[in-house]
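Every chain is numbered from 1 and lettered A, B, ... according to where its sequence line falls, protein lines coming before strand lines. This is a predicted model, so every value here is computed, not measured.
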There are 2 protein chains.
Amino acid sequence: MPFQNDFFKSAFSVDNIIFGFDRDTLKVLLIKRAYEPFSGEWALPGDLVRPDEDLDQAAFRILEELTGVKDVYLDQVHTFGEVNRHPRGRVITIAYYSLVNIKNVSIRASSFADKVAWKELRSISKLAFDHYEIMQTCLRRLRRDVKFQPIGFELLPEKFTLTELQRLYESVLEKDLDKRNFRKKILSMNVLKSLDELQQNVAHRPAMLYSFDAEKYKLAKEQGFIFEL
Amino acid sequence: MPFQNDFFKSAFSVDNIIFGFDRDTLKVLLIKRAYEPFSGEWALPGDLVRPDEDLDQAAFRILEELTGVKDVYLDQVHTFGEVNRHPRGRVITIAYYSLVNIKNVSIRASSFADKVAWKELRSISKLAFDHYEIMQTCLRRLRRDVKFQPIGFELLPEKFTLTELQRLYESVLEKDLDKRNFRKKILSMNVLKSLDELQQNVAHRPAMLYSFDAEKYKLAKEQGFIFEL
DNA sequence: GCAAAAGTGTTTTCATTACACCCATGT
DNA sequence: ACATGGGTGTAATGAAAACACTTTTGC
């Protein structure tokens, strides 16, 4: 580390807001802090970035340590760096969000946390540090991204019904959608493949299962196709 | 600074890509580096963030030191933090972009720079550090933002003609627009005020001058209006 | 009077919206 | 047989796209 001076008295962390979707509600994975500062309060999972670690790597590490999942959607959102945002020194934080299938997550103990839990988004009104603001920023970002990129699927199981997909969009966007129009639109985009397979054991007419067709999407995108919902 | 350990051996900088618009071409303000590393190469203006300085403040400081302008549009884009992006240590950089009226800029000497100059975007193929990648990311961001936020005006003088505005959008978006449709659309959005004042000394029919009406836009936005071009 | 850019409406095309009934399954 | 959600088409509306000529000024 050849040059060091007053500027090298700071650190940077990554906070990763992990979104999950449960039946019809959006949730985020929070930790209850085990230590000061903000001991006992709920916070976003995060950690200091290690000296030999890229930022994205750090975000994936936090996610995997906490949930066991990897290879999921993850994107950088914004960097928060107010001088006094951390009571113990100058720490800026790079916020990421990730989208996981809540069923794939097996919550793991963490040295940082007393407790780890999925919390309904709507129920959260306060978090440690500036994490509430960070959460709001990430949520606005999710709401925008979901309209212009085919990432909704990341929150669902591999196989899903169109109604499940619609419920997902409805809760992310916080507005009701018309069933027929939704189906027409999403199917016309040609990024889903029908699995010729039906739901089992439901007390009503079973729905067709679909999955996202990443191949088809990739090709279409190269031809200039733009996903937009 | 109460806690310090191995993690506090890093620094963060802000790089600010400053866009200007000259007649019909997009330009960016670059500096020619005076010192190693990358001495003699063109780079984005930037600096380490001071210990008592917020990130946005740092970006504004860089802008003002270099150009004399302040109170202009400036927004954070992305944070670049690959382990080896800086040859002298772990330095992550938070990238910002700003939009200035090129006529208001009076380029100033800088301790960091041999030379400061406006460069046509299209002519740039290589920059110091990872600055070329940063520039591309900011440019993609500008192209997206300009369609959904009324920020094009920031690159023009206070008073401008509709044709000037159209040329601006055409060069940012890199595609030709239809004159009549463009005017219909932008005027229908009701965010411009006609100044009842004509161009002077032009060798053709003089055009009406307009300015952006921030008040009207603010009100319309509160009513749910969304700017979209 | 010529060159140069300003200004102006209508028609066609396409995407979005609104809307209601029958179907397949489990109990 | 009933309750539950699945699945389907059409007409009306509104936004976007295509398109050409007249006007005003300086030289």
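- Distances from the side chain of Lys179(B) to the nucleotides dT8(C), dG6(D), dG9(D) place dT8(C) closest.
- Set against dG7(C), dG7(D), dT24(D), the side chain of Pro206(B) has dT24(D) as its closest nucleotide.
- Checking dA24(C), dG26(C), dA20(D) against every side-chain atom of Arg180(B), the shortest atom distance belongs to dA20(D).
- Comparing Val202(B) and Ala207(A) against DNA chain D, the residue whose closest nucleotide sits nearer the 5' end is Ala207(A).
- Of the possible polar contacts, none joining the Asp130(A) side chain to the Glu133(A) backbone as a donor-acceptor pair under 3.5 Å is found.
- Ring pair Phe227(B)/Phe148(B): centre-to-centre distance not below 6.0 Å.
- Between the side chains of Asp47(A) and Ser13(A), not a single donor N or O lies within less than 3.5 Å of an accepting N or O.
- Look at CG on Leu198(A): it is 16 Å from C1' on dT4(D), rounded to the nearest Å.
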Which atom pairs, one a donor and one an acceptor, fall under 3.5 Å between side chains of residues 153-160 of chain B and the rest of the protein, sequence neighbours left out?
| residue | atom | partner | partner atom | Å |
| --- | --- | --- | --- | --- |
| Lys159(B) | NZ | Glu197(B) | OE1 | 3.1 |
| Lys159(B) | NZ | Glu197(B) | OE2 | 3.3 |

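- Leu162(A) places its CG atom 10 Å from the C1' atom of dG7(D), with the value rounded to the nearest Å.
- Between the side chains of Thr93(B) and Asp15(B), at least one donor-acceptor pair of N or O atoms lies under 3.5 Å.
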Report each atom pair, protein N/O against N/O of nucleotides 10-15 of chain D, whose distance is under 3.5 angstrom.
| residue | atom | partner | partner atom | Å |
| --- | --- | --- | --- | --- |
| dT10(D) | O4 | Lys184(A) | NZ | 2.9 |

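- Each of Gln200(A) and Asp178(A) has a nearest nucleotide on DNA chain C; the 5'-most of these lies closest to Asp178(A).
- Defined by atom type and a distance below 3.5 Å, a donor-acceptor pair is present between the side-chain atoms of Arg183(A) and Thr163(A).
- Across the protein-nucleic acid pair, Glu164(B) atom CD and dA5(C) atom P stand 12 Å apart, rounded to whole Å.
- Whole-Å rounding puts the Leu177(A) CG to dA18(C) P distance at 11 Å.
- Whole-Å rounding puts the Ile186(A) CD1 to dT16(C) C1' distance at 15 Å.
- In the model, Asp145(A) has a side-chain atom that pairs as donor or acceptor with a side-chain atom of Tyr97(A) under 3.5 Å.
- Comparing dA24(C), dA5(C), dG7(D) by their nearest atom to the side chain of His204(B) picks out dA5(C).
- Going from atom CD of Gln166(B) over to atom C1' of dG7(C) covers 12 Å, rounded to whole Å.
- Residue Arg205(A) places no side-chain atom within donor-acceptor reach of the base of dA3(D), judged by atom type and a 3.5 Å distance cut-off alone.
- Distances from the side chain of Thr163(A) to the nucleotides dA6(C), dC19(C), dG6(D) place dG6(D) closest.
- Put simply, CG on Asn201(B) is 14 Å from C1' on dT24(D), counting in whole angstrom units.
- Taking atom CZ of Arg183(A) as the reference point, atom C1' of dT17(C) lies 17 Å away to the nearest angstrom.
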